[in-house]
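Data first, discussion second: the structure below is written as structure tokens.
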2 protein chains.
Amino acid sequence: MTTTEPTPGRAATRPDGARSRARILDAAEQLLAERGYAGTGISAISRASGLPASSIYWFFQNKQDLTAAVIERSAEAWLDDLGKADLEGQPGSPLARLFGFAMDKSGATLPVFGRLAILLALELGDRDPDTLERLRKLRRRGNELVGDALEGALADLGPDLAARFGKELAPLATAFAEGGLLVAQFDDGVDPNRLGEDIEVALRAIALHRAQQETR
Amino acid sequence: MTTTEPTPGRAATRPDGARSRARILDAAEQLLAERGYAGTGISAISRASGLPASSIYWFFQNKQDLTAAVIERSAEAWLDDLGKADLEGQPGSPLARLFGFAMDKSGATLPVFGRLAILLALELGDRDPDTLERLRKLRRRGNELVGDALEGALADLGPDLAARFGKELAPLATAFAEGGLLVAQFDDGVDPNRLGEDIEVALRAIALHRAQQETR
DNA sequence: ATGCTAATGTAGTGATCACTACAGAGCGCC
DNA sequence: GGCGCTCTGTAGTGATCACTACATTAGCAT
């Protein structure tokens with residue numbers, strides 16, 4: 001019931017086929033992140049990609065399947081960025097570097113996958129548990145990367161505490177980042193350029209606070 | 001062009017009319033907060049409210065008008081709650097009390113207006129500037145209330161700093177709260193019950209950090 | 001009780017929805 | 001050069017979309 005496979009949804013074999021598939025994914029990604037699932041029609045994706053609906057249904061079983069592919073691909077890109085940011089020897093603290101990469105290149109907005117994840121999770125909710133679970137799993141992988149960077153940022157608390165709170169607080173860190181970037185888009189009063197620094201300060205304080213609470 | 005008034009959208013004059021209007025708003029509010037704008041059909045609202053579509057169009061001009069009314073009403077309820085929480089002499093710090101009220105009674109979820117605002121802002125975006133502006137204005141009123149509570153929570157920094165950072169950081173506080181509650185709904189690892197405390201610690205640290213940065 | 005109109009019921013408008021059937025184009029391989 | 005399969009173009013499916021026209025019911029005032 002949860003597995004899906006009526007008309008397999010072919011993979012591209014010829015080079016122009018692969019290009020078409022990518023164009024469809026591009027168009028669908030942009031539209032889904034911008035207007036949500038229900039607000040994005042197949043005809044709109046067809047128009048934006050320049051390919052007929054029959055091509056869309058050649059590569060993908062149905063709208064859900066296409067959406068799943070979009071999610072997967074945009075998450076891949078996001079995780080790649082996070083991974084790169086975590087490694088390269090760049091200036092700034094690990095967390096600040098991470099937020100530099102996490103923010104969209106075009107400005108101080110949520111990365112596409114973040115928008116997609118929040119919008120789809122809100123809109124589909126419990127009515128599409130498959131998609132929800134897919135998003136959960138991908139976010140968890142992101143949180144692991146954030147956790148590594150956070151551990152680095154908390155190094156001055158000592159290795160034990162840093163390791164523990166890096167893992168423990170990673171979801172909170174992404175939550176704050178997403179909330180901040182989200183709100184910054186339609187609410188002046190949140191400065192996205194200070195967010196990285198703010199969040200780092202915030203998490204260090206929270207870690208210290210939790211540590212103190214326990215020793216007492 | 002921005003003003004809307006083709007078929008005025010009557011107000012209820014008879015008591016049963018008022019009840020019907022409220023039922024329509026109830027159903028629309030729940031569905032909109034759950035499935036978004038595009039995902040909520042008039043027929044679904046009709047079904048959920050038990051009233052025919054013609055009644056919906058008796059009270060409201062069109063779907064946009066109905067949505068605007070839903071936003072306005074749910075914001076009113078939200079601001080009421082925030083106001084009450086700010087005044088009553090209850091235990092806990094002002095901010096923690098605020099989050100107690102801000103969270104939905106049914107559990108640790110975003111209040112309906114918060115969900116509505118984020119979902120609609122994400123989904124409609126720049127394509128519906130009227131709605132966006134309406135949301136902005138209501139959120140600003142909420143931020144004022146949060147600012148007052150935050151000022152109380154930062155009282156130990158001295159009256160000047162408390163007043164300044166209460167106002168300055170209020171949008172960030174709501175952003176963190178919204179991000180946290182949002183993520184907590186589909187991501188374990190964020191404990192909504194600790195959020196109030198976490199955010200208070202976070203904001204105090206951020207305020208101190210900013211103050212220190214300036215005096216140096 | 002009668003008249004007025006607020007509110008509901010019924011039926012339908014054209015447009016768009018996701019999706020399909022199927023023929024034709026054009027590339028890849030022998 | 002010809003065959004086969006991938007991909008595209010055209011056309012149309014029934015269902016649902018927001019919304020309307022209009023007749024009918026039912027509450028209120030006099």
Side-chain angles (χ1 to χ4, degrees), chain A residues 4-28 31-32 35-70 120 123-124 127-128 130-131, chain B residues 4-28 31-32 35-70 120 123-124 127-128 130-131:
Chain A
T4 42
E5 234 152 3
T7 316
R10 284 87 158 181
T13 63
R14 297 206 307 233
D16 59 328
R19 218 184 42 166
S20 292
R21 211 186 115 100
R23 280 205 190 147
I24 292 168
L25 284 172
D26 288 341
L31 289 170
L32 282 173
R35 304 154 121 88
Y37 183 83
T40 299
I42 297 290
S43 67
I45 297 175
S46 162
R47 216 175 306 125
S49 65
L51 289 160
S54 55
S55 292
I56 298 178
Y57 284 100
W58 174 262
F59 293 110
F60 306 96
Q61 294 177 41
N62 48 40
K63 197 181 170 186
Q64 271 201 49
D65 184 39
L66 169 57
T67 304
V70 165
L120 292 184
E123 177 183 9
L124 301 176
R127 261 164 296 105
D128 188 347
D130 283 9
T131 300
Chain B
T4 41
E5 234 153 6
T7 316
R10 284 84 159 181
T13 62
R14 297 203 311 228
D16 60 328
R19 220 185 42 167
S20 292
R21 210 186 116 103
R23 281 206 188 143
I24 292 168
L25 284 173
D26 288 341
L31 288 170
L32 283 172
R35 305 154 120 89
Y37 184 84
T40 299
I42 296 291
S43 67
I45 298 175
S46 161
R47 215 175 308 123
S49 66
L51 290 160
S54 55
S55 291
I56 298 177
Y57 285 100
W58 174 262
F59 294 111
F60 307 96
Q61 294 176 43
N62 48 41
K63 198 181 169 185
Q64 270 201 49
D65 184 39
L66 169 57
T67 305
V70 165
L120 293 184
E123 177 182 10
L124 300 176
R127 263 165 294 105
D128 188 347
D130 283 9
T131 299

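Lettering follows sequence order; numbering is per chain, from 1.
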Atom-to-atom span, [atom1] of [X] to [atom2] of [N] - whole angstrom:
X        : N       : atom1 : atom2 : value
Ile24(B) : dG9(C)  : CD1   : C1'   : 14 Å
Tyr57(B) : dC19(D) : OH    : C1'   : 5 Å
Phe59(B) : dA7(C)  : CZ    : C1'   : 6 Å
Trp58(B) : dA23(D) : CH2   : P     : 15 Å
Asn62(A) : dT13(D) : CG    : C1'   : 17 Å

How long is the straight-line distance from [atom2] of [Y] back to [atom1] of [X], given to the nearest 0.5 Å?
X        : Y         : atom1 : atom2 : result
Phe59(A) : Leu66(A)  : CZ    : CG    : 11.5 Å
Phe60(A) : Arg21(A)  : CZ    : CZ    : 4.0 Å
Tyr37(A) : Leu124(A) : OH    : CG    : 7.5 Å

Anything under 3.5 Å between a protein N or O and an N or O of nucleotides 23-27 of chain C, put it in a table, one pair a line.
from    : atom 1 : to       : atom 2 : distance (Å)
dG26(C) : N2     : Arg14(A) : NH1    : 3.3

Determine which bases of DNA chain C form Watson-Crick or G-U wobble pairs with both distances under 3.5 Å, and write the result as a 5' to 3' dot-bracket string with | for other-strand partners.
|||||||||||||||||||||||.||||||

Between residues 36-53 of chain A and DNA chain D, which residues have a heavy-atom gap below 4.0 Å?
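Output list: Leu51(A), Pro52(A).
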
Mind checking side-chain hydrogen bond (donor to acceptor under 3.5 Å, both in side chains) for Asp16(B) and listing every partner two or more places apart, or none if nothing turns up?
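side-chain hydrogen bond (donor to acceptor under 3.5 Å, both in side chains) check on Asp16(B) returns nothing, list empty.
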
Identify, with sequence neighbours excluded, every residue that meets side-chain hydrogen bond (donor to acceptor under 3.5 Å, both in side chains) alongside Thr131(A).
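Partners of Thr131(A) under the side-chain hydrogen bond (donor to acceptor under 3.5 Å, both in side chains) test: Asp128(A).
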
With sequence neighbours left out, what residues match Ala53(B) under side chain to side chain contact (heavy atoms under 4.5 Å, CB included)?
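Scan of Ala53(B) (side chain to side chain contact (heavy atoms under 4.5 Å, CB included), adjacent residues dropped) gives Ile42(B).
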
Shortest non-hydrogen contact from Thr40(A) toward Arg35(A)
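In this case the closest contact between Thr40(A) and Arg35(A) is OG1-CB, 3.9 Å.
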
Glu123(B) side-chain N/O to Gly39(A) backbone N/O, donor-acceptor pair under 3.5 Å
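A pair under 3.5 Å: no.
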
Without swapping roles, check the side chain of Ser49(B) against the backbone of Ala27(B) for a donor-acceptor pair under 3.5 Å.
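Looks like no, no N/O pair under 3.5 Å.
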
Looking at Ser55(A), does any N or O in its side chain come under 4.0 Å of the phosphate oxygens OP1/OP2 on dT8(D)?
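True: Ser55(A) side-chain N/O within range (under 4.0 Å) of dT8(D) OP1/OP2.
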
Is the phosphate of dT8(C) approached by Ser20(B) (side-chain N or O, under 4.0 Å from OP1 or OP2)?
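Yes.
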
Arg127(B) CZ: over 12 foreign heavy atoms closer than 6.0 Å
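Yes.
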
Touch class at under 4.0 angstrom, heavy-atom based, for Thr13(B) against every strand present:
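The answer is sugar-phosphate, as Thr13(B) gets under 4.0 Å only of primed atoms, P, OP1 or OP2.
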
With side chain to side chain contact (heavy atoms under 4.5 Å, CB included) as the test, pick out the partner of Ile45(B) among Val70(B), Ile56(B), Leu32(B), Leu51(B).
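Output: one option passes, namely Ile56(B).
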
